[in-house]
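To keep things clear, I will list the structure first and then write my remarks on it.
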Amino acid sequence: MTCPKTLRNGPCGGVRENGNCEVKPEMQCIWVKAYERKEKLPLPQSWRNHYNDLRPPVDMQLKGTSSWINLLTKRDQKRPAGWQASFENSEH
Amino acid sequence: MSIVREILENSEEKLFTVEFPEIDSGGMEKIAKHVARIAPWFDAANSTDNTAAHAHASNLSVAIAMKMHGVEPILQIVCRDKNRLAIQADLMGAALHGISNVAMLTGDDVTAGDEPEARRVFDLDGPQAVAVAKVLTTGQYLSGRKINPAPDFYISAVENPGAPPFDYRIERALKKHRAGARYLQLQICYHPDRLENFCRGVSQGAPGLHIIPTVVMVKNEKALNFMNDKVPGIDIPLATIDRVKKSSDPSEAAYQLVLEESKHALSLPGVRGLHVIDFRRDDSLERLMRELGRTPKF
């Protein structure tokens, strides 16, 4: 995750005219790069649509832990109760 | 009771909002002075949250002061300086004071301001902040802790139709709508074609999502150059800057530019009003309002 603003829901409004980052002018915005790639690659539409998913706030307790283990144990799918009630009813 | 909600949801009228100038000093007299200038012409005013990454009197304190002076506030809350606890505290503080219009945005980075050495927060991002405001309206904090009765927020978001990737900006607006935004105030956009594509796309994708484009009143090309160089996400075509710069009367040319932009923005699909940022602070604000067909409320 190289977004200097640690954004999880796509490019902010500060993207420069050349597609580069507001904070690091020499770097392409990582969300612009991801957008271009998902448009170009021969992916199923359902995969492409994931770009527009509303991703929940990051669980800062997981900082420094293994993302692979958190994926396998599904620890990384735990959401705050308020978020879950409003935005993930259908999945739970 | 929110006039903004009343106009957008229950009328055909256009909504006119204005950026309340940032407050550093001068106390309530300064607030009263700004109110006297804007109140006759606008339905509501934005109380900004450390705008352009510069510290000022806080968003909620200015919103409360505006309310005391009879102006309906739209409380901006930005993710740069506050974590999720502080953002929920701002929202609940607003509810305590009967402020229901809340505009949730990501915000410029700290490097855009005069204290670039500060720690940036961004514990939430713009869409998440919209969602958190929405969660509170369901009668609980993000944690699930109950709030009874639930606060009643009329939630808005901001989008920049002029920043790449252009096609994606429409999808991003729709995402903020799914998160809970009822209307959008737009970032200033000096590319009419981009603004038009954006408004068309949003009005097709989410007919119920009201769009309020922003125009900026400036005196000369210096301010345009400043925005072009310093404000993240703002690009101004050279021809637009030259039009003001090479005019025999740059101040009048800058006014004609904003009048043209306003008329164009108000003609676009999905657009339900206009947001004005006034850096001129002269009598041209009244002139613009009159030439757009507004009559003073008092």
Side-chain angles (χ1 to χ4, degrees), chain A residues 1 3-40 45 48-63 78-90 92, chain B residues 79-80 83-84 88 105-112 116 120-132 134-147 158-165 167-169 171-172 174-176 178-180 186-187 191 228 231-236:
Chain A
M1 185 70 209
C3 171
K5 290 163 84 172
T6 63
L7 305 184
R8 288 300 200 272
N9 280 292
C12 70
V15 178
R16 291 166 191 268
E17 189 67 4
N18 62 1
N20 282 11
C21 172
E22 161 192 350
V23 183
K24 295 183 179 171
E26 69 286 359
M27 182 182 88
Q28 187 184 20
C29 166
I30 190 65
W31 285 107
V32 169
K33 189 186 256 184
Y35 182 81
E36 287 176 356
R37 283 181 176 169
K38 73 110 178 163
E39 290 289 300
K40 271 185 207 150
Q45 191 58 41
R48 286 194 176 143
N49 291 345
H50 282 311
Y51 189 87
N52 292 327
D53 288 351
L54 178 62
R55 278 169 288 274
V58 174
D59 184 344
M60 292 308 293
Q61 296 175 107
L62 299 183
K63 190 175 182 180
K78 200 177 156 212
R79 309 282 184 249
W83 183 279
Q84 203 166 304
S86 287
F87 295 104
E88 296 182 11
N89 269 335
S90 54
H92 294 272
Chain B
C79 298
R80 177 192 52 246
N83 71 5
R84 64 194 77 176
Q88 290 177 94
L105 44 154
T106 307
D108 300 331
D109 186 63
V110 292
T111 47
R120 59 176 70 86
V121 179
F122 300 112
D123 185 33
L124 303 176
D125 59 30
Q128 289 166 354
V130 170
V132 165
K134 174 77 180 171
V135 168
L136 296 182
T137 65
T138 67
Q140 54 188 323
Y141 287 94
L142 191 56
S143 69
R145 183 160 44 97
K146 299 293 176 218
I147 309 167
V158 174
E159 190 48 66
N160 184 352
D167 292 340
Y168 170 68
R169 294 292 159 185
E171 294 169 31
R172 185 166 167 80
L174 301 185
K175 182 188 221 176
K176 288 172 179 174
R178 288 200 302 280
L186 302 186
Q187 179 61 282
H191 292 267
N228 195 30
V231 181
I234 306 294
D235 177 78
I236 309 181

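Formation of a donor-acceptor pair under 3.5 Å by the B:Asp125 side chain with backbone atoms of A:Leu7 is not found in this model. Between the side chain of A:Glu22 and the backbone N or O of B:Asp109 there is at least one donor-acceptor pair closer than 3.5 Å.
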Run B:Lys176 and A:Asn9 through side chain to side chain contact (heavy atoms under 4.5 Å, CB included) and show every step you take.
CA-CA 10 Å; B:Lys176 288 172 179 174; A:Asn9 280 292; over 6 Å; no

For B:Asp167 and A:Glu39, run side chain to side chain contact (heavy atoms under 4.5 Å, CB included): C-alpha distance rounded to whole Å, both residues' side-chain angles, the deciding distance at 0.1 Å, then the answer.
CA-CA 11 Å; B:Asp167 292 340; A:Glu39 290 289 300; over 6 Å; no

Using side chain to side chain contact (heavy atoms under 4.5 Å, CB included), reason through A:Trp31 and B:Arg172 one step at a time and then give a plain yes or no.
CA-CA 12 Å; A:Trp31 285 107; B:Arg172 185 166 167 80; over 6 Å; no

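The aromatic rings of A:Tyr51 and B:Tyr168 lie perpendicular to each other, with more than 60° between the two planes, well past the 30° mark.
Contact tally against chain A (heavy-atom pairs below 4.5 Å) for B:Asn160, B:Leu142, B:Thr111: the top residue is B:Leu142. For the set A:Gly13, A:Pro80, A:Pro56, A:Cys12, the entry with the most heavy-atom pairs within less than 4.5 Å of chain B is A:Gly13.
Put simply, the side chain of B:Arg169 reaches to within 4.5 Å of the side chain of A:Pro11, judged on heavy atoms.
When heavy atoms are compared at a cutoff of 4.5 Å, B:Arg145 does not approach chain A at all. Contacts of B:Arg178 with chain A are made by both backbone and side-chain atoms, with heavy-atom separations under 4.5 Å. At a 4.5 Å heavy-atom cutoff, B:Arg80 makes no contact with chain A through either its backbone or its side chain. Interface remark: A:Arg16 contributes backbone atoms only to the contact with chain B (heavy atom separation under 4.5 Å).
Crowding of A:Lys38 atom NZ: a count of heavy atoms from other residues, nucleotides or ligands under 6.0 Å exceeding 12. Around the CZ atom of A:Arg48, the shell of radius 6.0 Å holds more than 12 heavy atoms that belong to other residues, nucleotides or ligands.
Summarising the geometry of B:Lys175 relative to A:Asn52, their closest heavy-atom pair is CE-O, 3.2 Å, with the distance given to 0.1 Å. In terms of heavy-atom proximity, A:Ala81 sits nearest to B:Ser143 at CB-O, 3.4 Å. Minimum heavy-atom separation, B:Phe122 to A:Thr6: O-OG1, 3.5 Å. Scanning all heavy atoms of the two residues, the minimum distance from A:Phe87 to B:Ala179 falls at CZ-O, 3.4 Å. Counting all heavy atoms, side chain and backbone alike, B:Arg84 lies closest to A:Val58 at NH2-O, 2.7 Å.
Atom CD in A:Glu17 sits 10.5 Å away from atom CD1 in B:Ile234 (nearest 0.5 Å).
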Mind listing the side-chain donor-acceptor pairs of residues 134-141 of chain B below 3.5 Å, one per line with the distance, residues two or more places apart or on another chain?
from, atom 1, to, atom 2, distance (Å)
B:Thr137, OG1, B:Lys134, O, 2.5
B:Thr138, OG1, B:Val135, O, 2.5

